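Comments concern the structure below.
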There are 2 protein chains.
Amino acid sequence: MNDVICLCKSISPDEMQIIKAELPDENTSNQMAEFFKVFGDATRLKILYFLSRHELCVADLSLLVGMQQSAVSHQLKILKLNRLVKYRKDGVTVYYALDDNHIESIFAIARQHLMEQ
Amino acid sequence: MNDVICLCKSISPDEMQIIKAELPDENTSNQMAEFFKVFGDATRLKILYFLSRHELCVADLSLLVGMQQSAVSHQLKILKLNRLVKYRKDGVTVYYALDDNHIESIFAIARQHLMEQ
DNA sequence: ATAATATATGAACACATATTCATATATTGG
DNA sequence: CCAATATATGAATATGTGTTCATATATTAT
């Protein structure tokens, strides 16, 4: 990409160059976007909420969120890939649980933002 | 929706009822999902990064993110609607700036999560 | 008023995503 | 081995999303 020359009065060309140079690389932006995307779905948020209360099997999660077992499995796969949940197998049953201590704090911040009108 | 009866051994029907009853209502889940969705796009994250460094006009943002002015305007609209950026007009130019003190902390948490392998 | 400029907006398109249905896989008990 | 059960997976579909192009709006200077 070419050098950037600023067009407006609020910032100098030099400052432009600096903040452009310090932009995290493409991978970081994309990884971060992927991470937040996981929280950007009400069904997944509900699953995370329930798991924050108790370890649960897929069937019970399906009852709780009121969605088909298949849908829940698909979403659990996404949560698993993003290391937000872990699981253990007991016979034919699979119990899922939260696997991230950042979840609570990230929720707290979102709640605060939404509370402030 | 009908009463929930748990199917697995890990939790009792009573506990199921309780965590189900305490699930935040549909509105809350949706609002929260919408909020996170905003962060789930690399272009918007870049815009937020640049604004975290300096107030900027649309044209400069467009140069910095390497995307058409129109695309940037569309994304700024979304950020505006979610009260993440504010703006001031100076003649025909519009300067945008961050309008949320939670952004930094939410980024910090995401970064931490992604750092941990 | 007119021209020039910065930004905003709407339509169109390509692409991603969530859900469902049908079915495969894996585990246990008989 | 076979049947029953819990979960996972793939295809299909409907809906959502981001970008571009074209154009509208708004502001300033001449």
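Just so you know, these numbers come straight off a predicted model, no measurement behind them. All heavy atoms count here, side chains included; hydrogens, waters and symmetry mates do not. The sequence lines fix the lettering, A, B, ..., with proteins before strands; numbering per chain opens at 1.
By the 4.5 Å heavy-atom criterion applied to side chains, A/Met16 and B/Leu56 are counted as neighbours. Side-chain atoms of A/His113 and B/Gln31, non-hydrogen and from C-beta on, never get closer than 4.5 Å to each other.
Residue B/Glu34 contributes atom CD, which lies 12 Å from atom P of C/dA18 at whole-angstrom precision. The distance between atom CE of A/Met67 and atom P of C/dC21, rounded to the nearest whole Å, is 12 Å.
Here chain B contacts DNA chain D (any atom closer than 4.0 Å to a heavy atom, that is under 4.0 Å), and the contacts span D/dT17 to D/dT28 from 5' to 3'.
No side-chain N or O of A/Gln75 forms a donor-acceptor pair with one of A/Thr43 less than 3.5 Å apart.
Residue contacts shown for B/Gln75 are limited to sugar-phosphate atoms, with no base heavy atom under 4.0 Å away. Across all strands shown, A/Cys57 has heavy atoms under 4.0 Å from sugar-phosphate atoms exclusively, and none from any base. Heavy atoms of A/Ser73 sit under 4.0 angstrom from at least one base atom. The residue B/Ala71 sits close to a base: some heavy atom pair falls under 4.0 Å. Residue contacts for A/Tyr96: at a heavy-atom cut-off of 4.0 Å it reaches the sugar-phosphate backbone alone, with no base atom in range.
Annotation for B/Asp60 and A/Cys8: closest pair OD2-N, 3.5 Å, computed over non-hydrogen atoms.
Taking the nucleotide of DNA chain C with the nearest heavy atom to each of B/Ser70 and A/Leu7, the more 5' of the two is matched to A/Leu7. Residues A/Gln69 and A/Arg44 both approach DNA chain C. Their nearest nucleotides, taken by heavy-atom distance, put A/Arg44 toward the 5′ side. Comparing B/Cys8 and A/His74 by the nucleotide of DNA chain D that holds the closest heavy atom to each, the one mapping nearer the 5' end is B/Cys8.
Of the possible polar contacts, none joining the A/Tyr96 side chain to the A/Lys80 backbone as a donor-acceptor pair under 3.5 Å is found.
Residues passing the salt bridge (charged side-chain N to carboxylate O under 4.0 Å, His left out) test with A/Asp100: none are found, sequence neighbours excluded.
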